[in-house]
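Structure first, then comments.
Below, chains carry the letters A, B, ... as their sequence lines are ordered, and counting in each starts from 1.
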2 protein chains.
Amino acid sequence: MIATPRRFVKRPLIPLTSVQVARNRVTLADVARSAGVSTTAASFVLSGRGAEMRISPDAEARVLRAAQETGYRPNIVSRSLRTGTSRTIGFVSDTVATTPFAGHLIWGALDAARDREHLLFIGETEGDQELETQLIEAMHDRGVDGIVFASMYTRELDLPAGLTHRPAVLLNAVPTQPVAITCVVPDEFEAGRSAVNALLRAGHRERIAIIGAAPPDDTPEGSLAAVQRLDGIVQAMAEAGVELADAVPCPDWQPDIGYEATRLLMQRTRPSGIVCFNDRLALGAYQAIAEAGLTVPGDVSVVSFDDDLLATWLRPHLTTVALPHYELGREAITALLDAPQSPSGGAPGPTIRRIPMPLRERDSVQQLRAPRPSRPSRRPLTPR
Amino acid sequence: MIATPRRFVKRPLIPLTSVQVARNRVTLADVARSAGVSTTAASFVLSGRGAEMRISPDAEARVLRAAQETGYRPNIVSRSLRTGTSRTIGFVSDTVATTPFAGHLIWGALDAARDREHLLFIGETEGDQELETQLIEAMHDRGVDGIVFASMYTRELDLPAGLTHRPAVLLNAVPTQPVAITCVVPDEFEAGRSAVNALLRAGHRERIAIIGAAPPDDTPEGSLAAVQRLDGIVQAMAEAGVELADAVPCPDWQPDIGYEATRLLMQRTRPSGIVCFNDRLALGAYQAIAEAGLTVPGDVSVVSFDDDLLATWLRPHLTTVALPHYELGREAITALLDAPQSPSGGAPGPTIRRIPMPLRERDSVQQLRAPRPSRPSRRPLTPR
DNA sequence: CCACCCTGCTAATTCGATTTAGCAAGGGGA
DNA sequence: TCCCCTTGCTAAATCGAATTAGCAGGGTGG
């Protein structure tokens, strides 16, 4: 075989199109042809504008039947190019993997998106600012209708570049800048009140301690949840006229730290009720309490936050104020899709939607004596 | 003001286009104009085919500079329409939310996808067959390049309709039908061997019991993991010439069930080593052992499977055979993108990639006596 | 009987990038 | 001098749906 001289080869261009693209999908043109109408007419019928555009009932029926029989599904890529709306949302978070919670956040978002026939892109930044921007751009390149930017724990954050070019919602976070953006966060302040009230209602008044933060403001770096839970706790106790017996601040809320904190507490104050700032700390507390030869709730009552899966794995089951991850996820998508942003002006700052954190009463709180006649809990008007 | 008579209004059609679509993105045409060339030339340059298509170095430089200066980013929706490839992958699983593992599966997939400049759609089916099909269709409507169909626990499953219309990979699952599809699964059989070998190596020979399944085949419905772990355990013990002292099958692998199973075991056999079929069962075992006034590992050694976060929360930290979720996720994407399927014929059945499950040795196994001279563990050639 | 309107459609354009086909200018060999 | 080839680029088609503009035919009022 003789090699063709280079210069005799005109252009080695093979029609790639016919090779790469799966040609077996039914298109609108196919439907139209099969119904004996133009694509225009078919498009009108299938978008429900048949009557408006004066397509005869007969033609309409033919189109509908053709679409049905061929199993036609509109190509959303094409529609997206034309209309600029892709029925697609980006969900960018800092940590998908390391917290089990993330699943529920995403789950709620997924459900809400599905209700509105949207699909979700997922991206994880691991807190890397450059990655944040890249992901957001990659999503906009693909024509997402909007982006939910989520943090795994409630905090303040700097808005990443490009986020607000199109509709966006902050989930579990509020912006450091006074930007007009919708934020969906759990009501951590009310949660603080709920937690401590669970103890107060059960008659605990004397020796109540907390693990995870200490008044007035010793909280883990950057955690808004910590600050607000603490505020709620402090305020509820003040209202009830009860003194906080002890408090152990913790830089990080992990089981071993809860364990050490509780050992310290048992030596120092021997509390009858402990509020742990999350369920992992509570696990550590359980371990330390058991090791001291004491029982929950007989000797020490424990309440906590988050409603981790862990809470029902512990014996006895843990009373805790739940982070409503599913609802948070749902609400973020709802806010994004239902309340389009006003890009130019409008509100001077963020719009914050607080989602209630429900108390899950289980078996870790001991009823001390008949509850006092419950004073209607007045919610103060203090700005938060 | 007099209302315009209906019939005088020609057609109330407002050019929606200019309203809906954000017109501020830089397009290829903008770049071309700014560089003083045609979009064709600009496209050639930016796709790296400048030399091939004989664009002069000068023109090439102008295009590159214009793209740089305007911050041009190609519209992937448009590219996708033309080329049929969207740099987008669908990840459909049965459970994102209820298992904390899911996060790591997704994490690995996300990382691998990012390495190849792909984005991931996420969908959750909750085991609903109709939803499976709908999700897969919705993803194909958006032009995904392929789909990873994942199960949260290793099992056999019926391939959903439409999955194999385009490239697809099964993650943590194998098909019931003899279909040519790539499957990525953890090596559960080898894991069974690892777990029990951890006990054998430490000198446990007499009273070894297992919780979660019982020979020859009492395993939770539909769990391939259970079957294969059990096989591995049985085989490793047979090889070592050690008799299984006791086995408690469990319909579900939750802490309370592990607790009850262990109580039963302590009465019946009082084992010195327990293999729990997952870490939740092990948590229950810890609780029952502590309640019996015994300690881990002093009185009872425990090994387990999964390497749940829980494993390092327990005291002492749990020795367990890890499910390599991150690697599983990565491998699924890699397999999907790097090894395009041969749609018509080729292999007669699925291609199965087994990912090793590493033993994480921690503090729950007691060394009984000096280890016997370790016979090089011959891996048998038995087909699995 | 003619201008006009309504009915019921269709042709053509558009979105943005990719790809095919091809053109103008210049150089070199016969 | 003429033909052919190469260089360096551009025009036009394409992907699939949505949308704008407009056309043919029949009926009606003046």
Side-chain angles (χ1 to χ4, degrees), chain A residues 5-23 25-32 35-47 49-60 63 72-86 141 143, chain B residues 5-23 25-32 35-47 49-60 63 72-86 141 143:
Chain A
R6 173 80 181 81
R7 56 192 195 140
F8 280 77
V9 180
K10 288 283 286 187
R11 288 278 169 81
L13 296 179
I14 299 158
L16 259 185
T17 319
S18 57
V19 178
Q20 286 191 347
V21 182
R23 272 281 159 285
R25 259 187 92 102
V26 177
T27 69
L28 185 62
D30 295 329
V31 173
V37 298
S38 67
T39 60
T40 309
S43 176
F44 286 149
V45 168
L46 293 175
S47 62
R49 308 205 301 145
E52 177 193 346
M53 300 314 275
R54 297 182 304 237
I55 305 297
S56 66
D58 176 58
E60 175 143 1
V63 169
Y72 169 70
R73 296 182 59 89
N75 179 327
I76 296 196
V77 175
S78 158
R79 176 186 289 172
S80 176
L81 180 61
R82 180 64 229 263
T83 66
T85 152
S86 60
D141 291 348
Chain B
R6 174 78 182 81
R7 53 191 196 145
F8 281 76
V9 180
K10 288 284 287 185
R11 287 277 171 81
L13 296 179
I14 298 158
L16 259 183
T17 317
S18 57
V19 178
Q20 286 191 347
V21 181
R23 274 282 159 285
R25 260 188 90 101
V26 177
T27 68
L28 184 63
D30 295 329
V31 173
V37 298
S38 67
T39 60
T40 307
S43 175
F44 286 149
V45 169
L46 293 176
S47 60
R49 309 205 300 146
E52 178 192 348
M53 299 314 274
R54 296 184 303 234
I55 305 297
S56 66
D58 177 58
E60 176 143 0
V63 169
Y72 168 71
R73 295 183 60 89
N75 179 327
I76 297 196
V77 175
S78 158
R79 174 186 290 172
S80 175
L81 181 61
R82 180 65 227 261
T83 66
T85 153
S86 60
D141 291 348

Can a side chain N or O of B:Thr83 be found less than 4.0 Å away from OP1 or OP2 on C:dT19? no
Can you tell whether the side chains of A:Arg25 and B:Asp141 come within less than 4.0 Å, N to carboxylate O? yes
Looking only at the side chain of A:Arg79 (C-beta and beyond, no hydrogens), which of the listed nucleotides C:dT7, D:dT20, D:dA17 gets closest? D:dA17
Separation of C:dC6 P from A:Glu52 CD (nearest whole Å): 16 Å
Test for a donor-acceptor pair under 3.5 Å between the base of D:dT14 and the side chain of B:Arg82, counting only N and O atoms. yes
Rounded to whole angstroms, how far apart are CZ on A:Arg54 and P on D:dC23? 14 Å
Between C1' of C:dG16 and CZ of B:Arg73, the distance in whole Å: 15 Å
Distance-only donor-acceptor test, A:Thr40 side-chain atoms vs D:dT19 base atoms, 3.5 Å: yes
Interatomic distance where CD belongs to A:Glu60 and C1' belongs to C:dG8 [whole Å]: 12 Å
Between D:dA11 (C1') and B:Phe44 (CZ): distance, integer Å: 12 Å
Sub-3.5 Å donor-acceptor pair from the side chain of B:Thr39 to the main-chain atoms of B:Ala32, do we have one? no
Just compare D:dG16, C:dT10, C:dT20 and give me whichever is closest to any side-chain atom of B:Met53. C:dT20
Short side-chain N/O contact to D:dT19 OP1/OP2 from A:Ser43, under 4.0 Å: no
Once you round it to whole Å, what is the distance between P of C:dT19 and CG of B:Leu46? 13 Å
Give the minimum heavy-atom separation between B:Ala42 and B:Leu28, together with the two atoms involved. CB-CD1, 3.8 Å
Among the nucleotides D:dA11, C:dG16, D:dT19, whichever has the atom closest to the side chain of B:Ser78 is C:dG16
A:Leu81 CG to C:dA17 C1', in whole Å, measures 9 Å
Base, sugar-phosphate, or nothing: which does B:Leu28 touch, judged by heavy atoms less than 4.0 Å apart? base
With sequence neighbours left out, what residues match B:Thr27 under side-chain hydrogen bond (donor to acceptor under 3.5 Å, both in side chains)? B:Asp30
Closest non-hydrogen atom pair between B:Ser86 and B:Gly143, with its separation: OG-O, 2.5 Å
Nearest-nucleotide wise, let me know which of A:Pro57 and B:Thr27 is further upstream toward the 5' end of DNA chain C. A:Pro57
Using atom CD1 of B:Ile55 as one end and atom C1' of D:dT10 as the other, report the distance to the nearest whole Å. 9 Å
Hey, does A:Val37 reach any base, or is it just sugar-phosphate, or nothing, if we go heavy atoms under 4.0 Å? sugar-phosphate
Residue B:Thr39, side-chain atoms from C-beta onward, closest of C:dT10, C:dG16, C:dT18: C:dT18
Do any side-chain nitrogens or oxygens of B:Tyr72 fall under 4.0 Å of OP1 or OP2 in C:dA17? yes
